[in-house]
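This one's a predicted model, so the numbers in the text were calculated from it and none came from an experiment. Only heavy atoms go into these numbers, but all of them, side chains included; no hydrogens, no water, no symmetry mates.
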Amino acid sequence: MVPETSTATAPVAEVLAKAVTGLGGQQRDGQVQMATEVAEAMEEGRHLLVQAGTGTGKSLGYLVPAMLHDKRVVVATATLALQHQLVERDLPRLVEAVKGVPGLDTSYAVLKGRSNYACLHRIRAGVPDDQGTLVDVPMGSMAEKVLELRAWAEEESEQGGSGERDNAPRHTDREWRQVAVNHRECLGATKCPFGAECFAELAKEKAQRSHLIVTNHSLLAIDAIEDVPMIPDYDTVVIDEAHELTARVTQAATDELAVADIERAARRSTRWTEAADGDPAGDLEDAAQTLAEAFEATPPGRIDQISTQLSDALVLVRDAARTCLSAYPRESGGDGEGDAGRTQAKGMVQEVFVNAERMAAGSQADVLWLGEARDRFPARLHVAPLQVWGPMRDKLLTDKTVVFTSATLMLGGEFGAVATSLGLKPTERIGHQVATTDADDALPWKGIDVGSPFDYGQQSILYVARHLPQPGRDGLGPAQLDEICDLVDALDGRTLGLFSSRRAAETAAEAVRARLPHLTTLAQGDAQLPELAKQFVEDPHTCLFGTLSLWQGLDVPGDTCQLVIIDRIPFPRPDDPLMSARAKAADDRGGNGFMEVSATHAALLMAQGAGRLIRTTTDRGIVAVLDPRLETARYGRFLKASLPPMWSTTDPALVRQALKRLGQG
């Protein structure tokens with residue numbers, strides 16, 4: 001167990017107090033406890049899980065001990081929004097507040113993937129077409145925006161800016177790709193004529209000089225788990241928004257292959273391989289056609305047993321890509337355009353080769369599935385890791401000290417589910433604290449819940465509409481729509497609706513618009529999320545209905561949001577290839593796949609969704625769950641224990657009265 005006292009305890013409390021005073025804030029017991037525990041964990045080299053409720057001020061709770069730590073610390077976030085908040089607001093204000101503290105290293109830097117920075121070579125030399133020829137002038141309707149992005153990047157370079165996408169003029173993904181490259185397309189600092197000015201390289205150099213590095217989960221996964229060096233050497237990592245880590249690591253380790261990708265790589269290779277024996281680019285294009293035929297013969301969904309036709313097609317693509325790579329000429333001394341075109345074309349073939357090789361291997365550690373072709377989107381073959389806790393344990397947790405923090409780490413009232421998914425083994429529980437024993441295969445860790453400054457029992461109500469029918473596969477029925485409209489009407493707006501599907505959100509929005517035309521009802525997709533959120537905040541007689549990005553990405557404190565409606569328990573779809581494979585694997589090893597995978601997934605989302613309601617100490621409101629299974633099913637207790645400790649009821653009349661009082665107050 002961690003010692004009761006530590007030499008790090010006194011200074012971290014003092015520096016935190018100075019920081020809070022300098023920032024004009026108030027000391028919070030949970031924040032002090034968190035900072036003290038984080039400092040001890042860093043000093044002892046012990047992994048730590050910290051559940052810190054909204055309003056705790058967890059950023060300061062880990063930034064202050066990170067600055068005091070004697071070795072470099074990496075802070076990894078899941079969302080760009082939090083990364084931006086840390087770098088643009090929290091860290092500059094903290095550095096100013098603790099100015100003058102002796103021995104404190106306040107240097108910091110932000111580090112992102114290469115494609116998040118503008119590429120000066122692509123901007124100045126042009127974008128390769130399908131033949132690999134660099135085209136200087138952008139074509140079509142996006143030309144004006146691309147020219148604007150180029151001018152912005154040049155100005156950033158002249159003024160010593162970061163060249164980060166977040167700071168660029170408003171643009172689409174397609175427009176940004178005209179001014180940026182991924183790591184496979186990059187020439188490399190030594191070969192690129194603009195390497196000395198490169199935004200990505202300058203960011204790496206700054207990180208090399210900094211004590212604190214702010215990055216994201218995906219880059220951390222690539223660096224630590226996939227063994228691709230992206231981050232300067234570090235001793236400790238703080239993972240904020242840790243409830244999303246396994247999903248982000250999975251995403252970073254997921255590859256895909258489409259026929260169009262192979263055909264484009266082949267066309268781009270023609271110019272560079274035409275001097276080779278035979279026609280390697282043509283052979284790669286032929287292999288793409290063979291794969292297309294295999295796709296047509298393969299039903300969409302998870303592939304438990306790969307067919308001979310699909311297996312042979314993948315081997316053919318793999319071998320053709322390998323031959324094509326071998327046919328590329330050796331690199332020249334650096335002829336600018338030629339190097340860029342060759343590097344980018346070869347990078348495309350390399351990606352095809354790596355993905356086809358992984359898919360053809362048929363590893364039991366991977367899950368393979370074919371996505372269904374829809375409209376303009378062709379079928380794609382996907383491969384993802386069956387689990388990520390093993391790689392995280394072996395390649396991150398055994399080498400680094402890791403602090404995991406989030407408002408939702410305790411599911412069912414315990415750390416066990418999340419700890420297991422991260423590669424830690426819970427073996428001993430002491431109240432709200434959990435630590436491992438000294439077993440040979442156990443990594444030492446501790447879990448703490450520092451609470452929340454909010455009084456959920458007084459500020460909020462959890463209403464479960466037990467009288468409603470169980471949700472069906474056909475979406476919202478008349479009873480659910482009646483309930484939604486009655487609840488919204490009682491409050492006269494101020495409602496955030498969190499739905500399990502886009503269709504359900506749109507159906508609910510249509511019903512509320514028809515029955516309550518005096519209210520403004522917005523549905524996700526009506527406009528960009530920031531615009532919808534702005535309108536939601538400005539008009540109290542507004543409802544906002546949407547799906548996943550609203551469950552986790554919306555912060556609307558105050559009277560704007562006093563009712564959160566959750567249409568059903570957000571279990572993963574039964575046909576979700578990865579989730580169903582993970583559940584089956586859990587069952588096969590003697591566990592409970594439903595509880596380990598489906599219920600855990602639902603609990604995390606419900607906790608995040610319910611967390612949209614209370615954002616300050618003065619907020620009041622109701623979370624209404626329209627799924628009676630939260631009360632009637634055996635797993636309902638686990639799900640309810642994962643939510644904030646709200647006062648709970650199933651009485652619809654009581655809830656409507658409470659909503660009317662809120663609406664009048």
| field | Closest non-hydrogen atom pair between M392 and S421, with its separation | value | CE-O, 3.5 Å
| N-O pairing of R165 and D173 below 4.0 Å | yes
| R124 and E154: side-chain contact (heavy atoms from CB on, under 4.5 Å), yes or no, with the steps? | CA-CA 9 Å; R124 293 168 182 172; E154 292 289 5; 2.8 Å; yes
| request: List the steps and the verdict of side-chain contact (heavy atoms from CB on, under 4.5 Å) for L325 and K346. | output: CA-CA 7 Å; L325 287 171; K346 191 174 182 180; 3.7 Å; yes
| task | Indicate yes or no for a side-chain donor-acceptor contact from H121 to the backbone of G195 under 3.5 Å, with no hydrogens or angles considered. | result | no
| query | Judged by atom type as modelled, is there a donor-acceptor pair below 3.5 Å linking the side chain of N355 to the main-chain atoms of E256? | reply | yes
| message | Can you see whether Q524 engages T547 through a side-chain donor-acceptor pair at a distance of less than 3.5 angstrom? | response | yes
| Can you check whether L111's main-chain N or O pairs, donor with acceptor, with T215's side chain at less than 3.5 Å? | yes
| Contact check, side chains of T495 and L519, non-hydrogen atoms, under 4.5 Å | no
| request: Using distance alone, with no hydrogens and no angle criterion, decide if S269 and Y328 have a side-chain donor and acceptor under 3.5 Å apart. | output: yes
| In terms of side-chain heavy atoms, does Q344 have a donor or acceptor partner in R122 at a distance below 3.5 Å? | yes
| Nearest heavy-atom pair of A508 and F499: which atoms, and what distance? | CB-CZ, 3.5 Å
| Is a donor on one side and an acceptor on the other found under 3.5 Å between the side chain of R513 and the backbone of T521? | yes
| said: For T54, is there any backbone N or O sitting under 3.5 Å from a side-chain donor or acceptor partner on T56? | reply: no
| said: Within the 4.5 Å heavy-atom criterion, are E164 and F199 side-chain neighbours or not? | reply: no
| Any side-chain donor-acceptor pair under 3.5 Å between N182 and S115? | no
| said: Test side-chain contact (heavy atoms from CB on, under 4.5 Å) on F545 and L550; report intermediate values, then the result. | reply: CA-CA 8 Å; F545 294 165; L550 296 186; over 6 Å; no
| Does the pair D223/K400 count as a salt bridge with the N-to-O cut at 4.0 Å? | no
| message | Quick check against the 3.5 Å criterion: does D619 have a side-chain atom that pairs as donor or acceptor with the backbone of R615? | response | yes
| query | Quick one: does T343's side chain get under 4.5 Å of C186's, heavy atoms only? | reply | no
| message | Quick one: does any side-chain atom of E241 pair with a main-chain N or O of T79 as donor and acceptor, under 3.5 Å? | response | yes
| task | For side chain to side chain donor-acceptor pair (under 3.5 Å), just list the numbers for S500 and D567, CA-CA rounded to whole Å, side-chain angles, deciding distance to a tenth of an Å, and then say yes or no. | result | CA-CA 7 Å; S500 53; D567 70 327; 3.2 Å; yes
| field | Note, S157 side chain near L120 side chain (heavy atom, < 4.5 Å) | value | yes
| query | Taking the inter-plane angle between the rings of W369 and H382 on a 0 to 90° scale, is it parallel (under 30°), tilted (30 to 60°) or perpendicular (over 60°)? | reply | parallel
| Are the side chain of R150 and the backbone N or O of V179 linked by a donor-acceptor pair below 3.5 Å? | no
| message | Looking at every heavy atom in both P577 and R302, which two are closest together, and how far apart are they? | response | O-CD, 3.3 Å
| said: Could you check whether K145 pairs with E175 (Lys NZ or Arg NE/NH1/NH2 to Asp/Glu carboxylate O, under 4.0 Å)? | reply: no
| task | For residues E244 and Q608, determine if any side-chain heavy atom of one lies less than 4.5 Å from a side-chain heavy atom of the other. | result | no
| message | Tell me whether K395 is salt-bridged to E226, with the criterion being a basic N under 4.0 Å from an acidic carboxylate O. | response | no
| query | When you measure from the side chain of R248 to the backbone N and O of A78, does any donor-acceptor pair fall under 3.5 Å? | reply | yes
| request: Check whether any side-chain heavy atom of L91 sits under 4.5 Å from a side-chain heavy atom of V214, and report yes or no. | output: yes
| Do P540 and D559 come within less than 4.5 Å of each other through their side chains, counting heavy atoms only? | no
| query | Is the backbone N or O of T246 less than 3.5 Å from a side-chain atom of T250, with the two atoms forming a donor-acceptor pair by type? | reply | yes
| Considering only heavy atoms from C-beta outward, does the side chain of L63 approach that of Y108 to under 4.5 Å? | no
